[in-house]
2 protein chains.
Amino acid sequence: MRKVRLADVAAVAGVSMKTVSNVVHDYPHVTPEMRRKVQQAIDELGYKPNLTARRLATGKTGMIALAIPEIDHPYFSELSRYIAEEASARGYRVLVEQTLSNPAAERAVLNDREAGVVDGVIFHPVSMNSMEVARLKRDVPVVLLGESTMPVTADHVMIDNVVAAQEGVAHLLAQGRRRIAFLGVVEGDVTGSTDQRLLGYQQGLVDARMPLDPRLILSVTDFTPEESARAVREALEAGLGLDGLVCRDDRFATGALYALRTAGVRVPEDVAVVGWDDTELGRWATPTLTSIAPDKRELAATALQLLGERIDGYQGIGRHRIVSHSLIVRESAPVAAAVLSS
Amino acid sequence: MRKVRLADVAAVAGVSMKTVSNVVHDYPHVTPEMRRKVQQAIDELGYKPNLTARRLATGKTGMIALAIPEIDHPYFSELSRYIAEEASARGYRVLVEQTLSNPAAERAVLNDREAGVVDGVIFHPVSMNSMEVARLKRDVPVVLLGESTMPVTADHVMIDNVVAAQEGVAHLLAQGRRRIAFLGVVEGDVTGSTDQRLLGYQQGLVDARMPLDPRLILSVTDFTPEESARAVREALEAGLGLDGLVCRDDRFATGALYALRTAGVRVPEDVAVVGWDDTELGRWATPTLTSIAPDKRELAATALQLLGERIDGYQGIGRHRIVSHSLIVRESAPVAAAVLSS
DNA sequence: GTGAAAGCGCTAACAT
DNA sequence: ATGTTAGCGCTTTCAC
């Protein structure tokens, strides 16, 4: 009683393979009687269509790849969930690829389509910029996530990082904060994501005619909270006076909160902190974290929409979509007292 | 210049398909000259083997499914990362399936293998117990994660929850805690996972000849921190005196910390808290969270080992593997002063 | 409405 | 060491 094939069902039901196939696919024009007869044979034999064979025959896999740096980074795991849900709603399944920011792994992602594994790719690159992506990919449907300023042949979805960072700074300025730091510039980060946030931070200060102090820009060597905590600790020890802090992401903010707490600095009384990504990490931090929140659901839906169009044959030039964001105000950087009392 | 096939390469190189296949697979017995000639044709044409076709021909997909309740639950996202890494080391790719604890979705997982999508399944069931899994799965290689006491035809990997919970309780008792609560029993949870942790909690108290107070067992309606915070808040409002708390997972612990903090209860001075899973959520909580830590790496490696054996044809009865765990002591439940001064 | 047969692209016997 | 060829299981024109 091994593998039951379409042909077996056809034989038992006494019909052709085509008819069985029609029943399996709910093809409209089959007589009820035929349908019943075939269905019975299917149930009887416990027939399951072989997806691999179907894929070979149709050339469609019904799968998309989601290539992200780390599966367990809160932002990416939360985003993955939305992507998975949106994909599922559109009849796609998701193959999650962890690139660990490794260039070779990132390159390999774009080959998956060519190897017939997936129909398209949603890709958050870290080690290559969009020009390289454009050069590498040939006719693979790709939607890029994250920051990129170059128009390329792939589609892009992102939030307006510059504006978002400006809003974060403005929020702190409205509370009377005057020494606002930015954490953190990551060494070796070539994506421009941090650049845009940093740019927005500076623009926010310039807009308010505040001085720019380069020492207020904190650098880190990687994306971990440990590194972020170290950077903040050293800044405090160096006597860097600051009363506000805009973080590149919630993980950094989490490390920062830890460093501030252990140094005896009160948040938000002494230093107000703004995170980025609105992850669960920040929602339950102490104090709870004010954070710039990309609309992840909209991000996922937009990415799938664009990718779907490409898979369905759209060949046009790369499209850019800006999805909305908001500032979720929590304890670490509450609404200004002035606003409250007004 | 569309799809380049194996046959095209063979034609250009002026050899047979078999020879091309040999080169592609690094088959040893090919003359260097042949290899060079073929390789040149491959590069020239930009040939990429079609994985789907290969899968059809070999019957192996090189993929395994990982079916978990939620992609973005910290425990599962961290576990996923280890699974993905171990799988990758063994030449497998991982298809992550989010079941959302939905029975239909869980059932569908077991069909994937039969449909030829994956070679095997690593499955953390929530809505079905292992008997049901055993009944459903036919000859699908499956490794079960999470708690289950029944010997079945599938393999199991888990930690010893009862012992782990006992250790958590013992840790609190050693600090002189006398009113230790358990959070939380989840309504509708049929997996026995919580049961075992609860059992260990009770056993730990009994071992120390402490009284069991049913009011110290806190119930919740779902797995969110919100629910957990609610349960703790209500317990405090009801005047339930407690000085220690063992949580079913770090998410619950996170919610508990929040509720305790907002109620003005100090941790660990007034209430010491032990979490479960050792996730990033707890590592950066305030105070940092003492947590029972399953060895996730070992868990992943063991699961892949067992699954690999099944895929390679092992047919024996279900095996049970207990992997190690430890108690990671942090601020929320530090080492007893008595121990420190000894 | 239903049947017959030619692929989809690759692998693995078997042959040379 | 390399070539030939029959599948793998399903889809899909194209007749009937």
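We name chains A, B, ... by the order of the sequence lines, and we start the count at 1 in each one. Only this structure's heavy atoms are used, side chains among them; waters, hydrogens and symmetry mates stay out. Every value quoted in this text rests on a predicted model; they were computed, and no experiment measured them.
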**Study point:** N/O (side chain, B:Thr52) to phosphate O (OP1/OP2, C:dG9) under 4.0 Å
**Key:** no
Exercise for review: Measure up the B:His156 and B:His320 rings against each other and bin them: parallel (under 30°), tilted (30 to 60°), perpendicular (over 60°).
Suggested key: parallel
**Study point:** Chi angles and distances behind the side chain to side chain donor-acceptor pair (under 3.5 Å) call for A:Thr61, A:Asp119
**Key:** CA-CA 6 Å; A:Thr61 68; A:Asp119 295 335; 3.0 Å; yes
Check your understanding: Between A:Ser16 and C:dG3, is there a side-chain N or O to OP1/OP2 distance below 4.0 Å?
Key -> yes
Point to revise | Side chain to side chain, A:Asp155 and A:Leu307, heavy atoms closer than 4.5 Å | key: no
Revision key, fill the gap. Residue set satisfying side-chain hydrogen bond (donor to acceptor under 3.5 Å, both in side chains) with A:Asp43, at least two apart, ordered chain then number -> A:Gln39
Practice item. State plainly whether the residues B:Lys37 and B:Glu33 are in salt-bridge range, i.e. N to O under 4.0 Å. Key: no
Check your understanding: Could you state the CZ-P distance from A:Arg5 to D:dT11, rounded to the nearest angstrom?
Key -> 14 Å
Provide a list of protein-nucleic acid N or O atom pairs under 3.5 angstrom, restricted to nucleotides 11-13 of chain C.
| residue | atom | partner | partner atom | Å |
| --- | --- | --- | --- | --- |
| C:dT11 | OP1 | B:His25 | NE2 | 3.1 |
| C:dT11 | OP1 | B:Arg54 | NE | 3.3 |
| C:dT11 | OP1 | B:Arg54 | NH1 | 2.5 |

Revision key, fill the gap. Tested for side-chain contact (heavy atoms from CB on, under 4.5 Å) against A:Tyr47, the lone hit among A:Val38, A:Val12, A:Leu6 is A:Leu6
Review point. Taking the side chain of A:Thr31 as its heavy atoms from C-beta onward, which of C:dT2, D:dC8, D:dT2 lies nearest to it?
Key: C:dT2
Point to revise | Exam field: side chain A:Thr99 to backbone A:Ala67, donor-acceptor pair closer than 3.5 Å | key: no
**Study point:** Helix axis bend for the helix from C:dG1-D:dC16 to C:dT16-D:dA1 - C1'-based end axes, five pairs, 10° rounding
**Key:** 30°
Study note, to complete from the structure: Assert: residue with more 5' nearest nucleotide on DNA chain D, out of B:Leu56 and B:Val15, is B:Val15
Review point. Rounded to the nearest Å, what distance is computed from the NZ atom of residue B:Lys48 to the P atom of nucleotide C:dC8?
Key: 21 Å
Review point. Quick one: which of D:dC10, D:dT2, C:dT2 gets closest to the side chain of A:Asn50?
Key: D:dC10
Practice item. Just compare C:dT2, D:dT2, C:dG3 and give me whichever is closest to any side-chain atom of A:Met34. Key: C:dT2
Review point. Within the side chain of A:Thr58, is there an N or O that forms a donor-acceptor pair under 3.5 Å with the backbone of A:Arg54?
Key: yes
Review point. Could you walk me through whether A:Met17 and A:Arg5 pass the side-chain contact (heavy atoms from CB on, under 4.5 Å) check?
Key: CA-CA 10 Å; A:Met17 290 173 60; A:Arg5 295 163 324 181; over 6 Å; no
Review point. C:dG9 P sits how many Å from B:Leu45 CG, rounded?
Key: 14 Å
Review point. Rounded to whole angstroms, how far apart are OH on B:Tyr27 and C1' on D:dA1?
Key: 8 Å
